[in-house]
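For reference, the structure discussed in these notes is given below.
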2 protein chains.
Amino acid sequence: MPNQPATDHNGLNEEEFLANYNAGSYERPSVAVDMLIFTVMEQEQNNYRKLAEKSLQLLLIQRGEHPFLGEWALPGGFVGIGESVEEAARRELYSETNIDNIYMEQLYTWGDVHRDPRMRVISCSYMALVDRKALSVQAGDDAAAAAWFEVSYLILDTSREVLEQGIRQETLVEITLQSDEEKLSGVVKLTETIQGHVRQMNREIVRSSGFSFDHLLMVQYAIERLRGKVEYTDIVFNLMPPLFTLSELQRVYEIILGKDLLAAAFRRKIAERVIETEESTRDAGHRPSKLYRYNVEWNLS
Amino acid sequence: MPNQPATDHNGLNEEEFLANYNAGSYERPSVAVDMLIFTVMEQEQNNYRKLAEKSLQLLLIQRGEHPFLGEWALPGGFVGIGESVEEAARRELYSETNIDNIYMEQLYTWGDVHRDPRMRVISCSYMALVDRKALSVQAGDDAAAAAWFEVSYLILDTSREVLEQGIRQETLVEITLQSDEEKLSGVVKLTETIQGHVRQMNREIVRSSGFSFDHLLMVQYAIERLRGKVEYTDIVFNLMPPLFTLSELQRVYEIILGKDLLAAAFRRKIAERVIETEESTRDAGHRPSKLYRYNVEWNLS
DNA sequence: GGAATAGTGTCTGTGAGACAGTATCAA
DNA sequence: TTGATACTGTCTCACAGACACTATTCC
C-alpha cells in the first residue's frame, strides 16, 4: 500500500501517467446490446365460460437495412462511448416500450468474431419482462416495424455418446416464433461435454429461417434462463399486472415451464409469496376468484 | 423470406452492401476479459491425526504499471480483434495456469463508463475452477507477480427500508483476500429495490483497500454466483482431484457455502453423484476412508 | 341444472435435519 | 487404549405429488 505516489519504469506517478496516456490505435470491436423483451398475452376465447389462453411473447423488429434486410431481429443498438452498457440497454428498452421501470437482467455476452457480417461486434444481451397491460403503446410505433411473436420451445431429441474420458450429450431444441403474419423457426444444438471433471457447454445453430445474426442462439439462451429462474426466484411477478388471480399466475408458470402444474400444490407453494385482497373477478361464467397481489416482503434475498 | 436478393434504399443487395460497408469512425470502447480463477487449497496441520484444513483461494496478479501500480488485480487482458471473447478468456486462463481443459464460465459484463481511468473499457468477467493438484506450476512463474489469496466472505449487516410502493434492502458484504504476505479487504453494498413488481439489484463499493479497478465487485459477484451454483449443479467437482474422499468433498461444499453440513445428510444427497472405488486413504492416524470419483452420468441436464 | 373455474382436505412418499451409535485405523 | 475420522441407522418433520371432493358463479 504505497503512501508515496508510486512511480513506474518511466518515473511517472499515476497522475502523470494518466495525463500522458495514449490509448493507442489498435482496432477495437463495436459493442452492442440486444434486448429480449418478453411478455405474456391473452388470446380471445369464443366460449364465454372458458378462461383466455395465455402465451409467452417476444418482441422483434423487422430490419430496414442490410444485412438481413427485411428479416426479424431483436431490438438493440450500439453502446455509446459515453454511456454504460446498462444505460444503453435501458435506452433501447425504453425506446421500444415507452415505459420505464421494467425488470431487466443481463444475460450473456456474445463475442464470436464473425457474428456480424459487417464488422466485429460484441453484443451483450439483456432480458426484460413486461406486464402486457402496462404497455399502452402497441409495438410498431417505431419507424421500423415491430411485432410480438408467440414463443414455442420444443426439445426435439437428446442423444448421448460415451467418450474415452467422459461423455457428450447433444440436445436439439426447436424454437418457433409466430406472429400474426409471420413464422420464424430454427433449431439449436446444445452440446454438453464432460471430459474428466470438466464440463463444457456449446450452442450451435443447426438451421434457422427468418432470424438475423446469432439471435436464434440468444433466444434459446434467454428461454433456458427464464425457465431456470422461474423455479427459484420471483421473476414471474414481473410479467403480472398488479392484481391477478392464482389461476392466471399458475398459467404463466405453466407457459414458461412448458408443463402443467397441480393446482393444490401450486397454491401451497406460492401462498406466502402473494397477499389476498378483498377484490375478486366477476362476470366470468363460473365461480369468481379472489385477486391477489405480490408480497414484496417475501424472501428478500 | 426474400428469394430474390432484397435491395435497400440505395438499391444495393446484401452482397453489394457488405462490399461497400464502411464501419464508420465513431469512438469504440476497448473490450477486456477478467478471470476469477478459484481453487481449493489445503493448509498443513501440525497434528498428524487431524485432517488438513481447506480454504477457497483466488488468483491475483500484482500490477506492474499504472494505474493501480503495485496493487493487486484479477488476471486479464484485452480481447484481440481477431479472437472471440471466449478465446481471449481461455488464452488468459492458459497463460496464468499453464493447463488446458479447465472449467470456465462467463459471469457478467461490466460496462460502467469510468471503470478504467485510462479509457473506456468494457470488461467481461469469467470464473474458472481448478483442481489445485492439477496445477503443477505455482502462480508466479509469470513476469508479473501472481499469488493465491484465501477468500473470506462475510455478511456484515442487512437493513430494510419501506418505500411508498415497495421496499429496499441493503446488504453489506465484507470481502477479505489474504495471501502469505498481503491482505486486501473491501466492503460492497448490495442494494435490492422492489418498486411495484419490479426488482432491481445494484452493487457499489463502500470501501476498498488494495483492489484495482472495480475488481472488488467482480469478486463479490463471482462468490455469490459460485455459492448459488454449488447448490444446484455439479460445479464443485471441477475443484476436486480425480479421486477424493466424501469428507474432502464435504469440506469443499462447506468452505464455499460458508456453513457446516451434517455428514449423514450430505452423504445421502451426493450418493448418486459419485462412484465408490476400491481404493482408500492410508496412514492417516485414524480410520481410512474410501476414495470416490465423480459420476459423469449423473443428471446430464 | 350445467358448464366451467375456484378452492380445500388428505393420503402418501421422499428427502433433509438431527443425533446417537458403531467402525477402523495408527501411534 | 486413545484420539481422531469414517460411516450407518433411524426418528421426525416438512413438503410436493396425486386426486377426490366441495364451492360458486352466470347463463
Side-chain angles (χ1 to χ4, degrees), chain A residues 42-54 230-232 236 240 243-255 257-293 298-299, chain B residues 42-54 230-232 236 240 243-255 257-293 298-299:
Chain A
E42 307 201 328
Q43 269 106 45
E44 300 106 65
Q45 254 319 130
N46 32 20
N47 182 342
Y48 78 99
R49 290 187 140 158
K50 286 216 171 188
L51 287 177
E53 290 286 316
K54 288 180 190 291
V230 156
E231 309 223 52
Y232 69 99
V236 246
M240 306 301 295
L243 293 178
F244 48 83
T245 69
L246 294 188
S247 301
E248 280 173 350
L249 185 60
Q250 183 175 345
R251 296 291 159 94
V252 175
Y253 271 93
E254 289 173 338
I255 288 158
L257 295 175
K259 65 181 178 196
D260 288 350
L261 304 174
L262 286 166
F266 178 77
R267 297 173 102 87
R268 271 191 312 240
K269 192 172 182 172
I270 53 122
E272 304 174 292
R273 294 164 159 88
V274 295
I275 297 171
E276 195 177 317
T277 67
E278 293 306 307
E279 299 176 71
S280 47
T281 55
R282 279 184 300 123
D283 305 320
H286 50 76
R287 176 172 170 177
S289 78
K290 286 258 172 61
L291 289 168
Y292 290 77
R293 56 194 180 79
W298 185 80
N299 192 27
Chain B
E42 309 202 329
Q43 269 106 44
E44 300 104 64
Q45 256 316 130
N46 32 21
N47 182 340
Y48 79 99
R49 289 187 140 163
K50 288 214 170 188
L51 286 177
E53 291 286 315
K54 288 180 191 289
V230 157
E231 309 224 53
Y232 68 98
V236 247
M240 305 302 295
L243 292 179
F244 49 84
T245 69
L246 294 187
S247 301
E248 280 172 350
L249 185 60
Q250 183 175 346
R251 296 290 160 94
V252 175
Y253 271 93
E254 289 173 336
I255 288 158
L257 295 174
K259 66 181 181 198
D260 288 350
L261 305 174
L262 286 165
F266 178 78
R267 296 173 103 87
R268 270 193 310 241
K269 193 173 181 172
I270 52 123
E272 302 174 295
R273 294 165 159 86
V274 296
I275 297 171
E276 195 177 316
T277 67
E278 292 305 308
E279 299 175 68
S280 46
T281 56
R282 277 183 300 122
D283 306 318
H286 50 75
R287 175 172 171 179
S289 76
K290 286 259 170 62
L291 288 169
Y292 290 77
R293 56 194 180 81
W298 186 80
N299 192 26

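Within every chain, numbering begins at 1; the chains are lettered A, B, ... in the order of the sequence lines, protein sequences first and strands thereafter.
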Between the protein and nucleotides 2-4 of chain D, are there any N/O to N/O pairs under 3.5 Å, and if so, what are the atom names and distances?
residue	atom	partner	partner atom	Å
D:dT2	O2	B:Arg49	NH2	3.2
D:dG3	O4'	B:Arg49	NH1	2.8
D:dG3	N2	B:Gly285	O	2.8
D:dG3	N3	B:Arg49	NH2	3.4

Pick out the pairs of N or O atoms, protein on one side and nucleotides 12-17 of chain C on the other, that lie under 3.5 Å.
residue	atom	partner	partner atom	Å
C:dG17	N7	B:Arg268	NH2	3.0

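Rounded to an integer number of Å, the gap from CZ of B:Arg282 to P of C:dC25 is 12 Å. Taking atom CG of B:Leu249 as the reference point, atom P of D:dT5 lies 17 Å away to the nearest angstrom. Here C:dG7 presents its P atom at 10 Å from CD1 of A:Ile270, a figure rounded to the nearest Å. Distance A:Glu276 CD to C:dA6 P: 14 Å, rounded to the nearest Å. Rounded to an integer number of Å, the gap from A:Glu42 CD to C:dT5 C1' is 15 Å. In this entry the distance linking CG of A:Leu246 with C1' of C:dT8 reads 13 Å, nearest Å. A:Arg267 places its CZ atom 12 Å from the P atom of C:dG9, with the value rounded to the nearest Å. Atom CD of A:Gln250 is separated from atom C1' of C:dG7 by 11 Å (rounded to the nearest Å).
The residue among A:Thr245 and B:Pro288 whose nearest nucleotide of DNA chain C is located toward the 5' end is A:Thr245.
Annotation for B:Lys54: atom NZ counts as buried by contact number, over 12 foreign heavy atoms lying within 6.0 Å. For CD of A:Glu53, the number of neighbouring non-hydrogen atoms (other residues, nucleotides, ligands) closer than 6.0 Å is 12 at most.
With contacts defined as side-chain heavy-atom distances shorter than 4.5 Å, the pair B:Leu257/B:Glu231 qualifies. By the 4.5 Å heavy-atom criterion applied to side chains, B:Tyr292 and B:Leu249 are not counted as neighbours. A 4.5 Å side-chain heavy-atom check between B:His286 and B:Leu51 finds at least one atom pair inside the cut-off. For the pair A:Val252/A:Phe244, no side-chain contact is recorded, criterion being any heavy-atom separation below 4.5 Å from C-beta on.
Residue contacts for A:Ala264: at a heavy-atom cut-off of 4.0 Å it reaches a base atom on one of the strands shown.
Taking only side-chain nitrogens and oxygens, A:Ser247 never comes nearer than 4.0 Å to OP1 or OP2 of C:dT5.
Evaluated for a side chain to side chain contact (heavy atoms under 4.5 Å, CB included) with B:Leu243, the options B:Glu248, B:Arg293, B:Lys290 yield exactly one hit, B:Arg293.
Among pairs with a residue in residues 257-272 of chain B, none fulfils side chain to side chain donor-acceptor pair (under 3.5 Å), at least two apart in sequence or across chains.
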* To do: Test side chain to side chain contact (heavy atoms under 4.5 Å, CB included) on B:Glu254 and B:Arg251 and set out the steps.
  => CA-CA 5 Å; B:Glu254 289 173 336; B:Arg251 296 290 160 94; 3.8 Å; yes
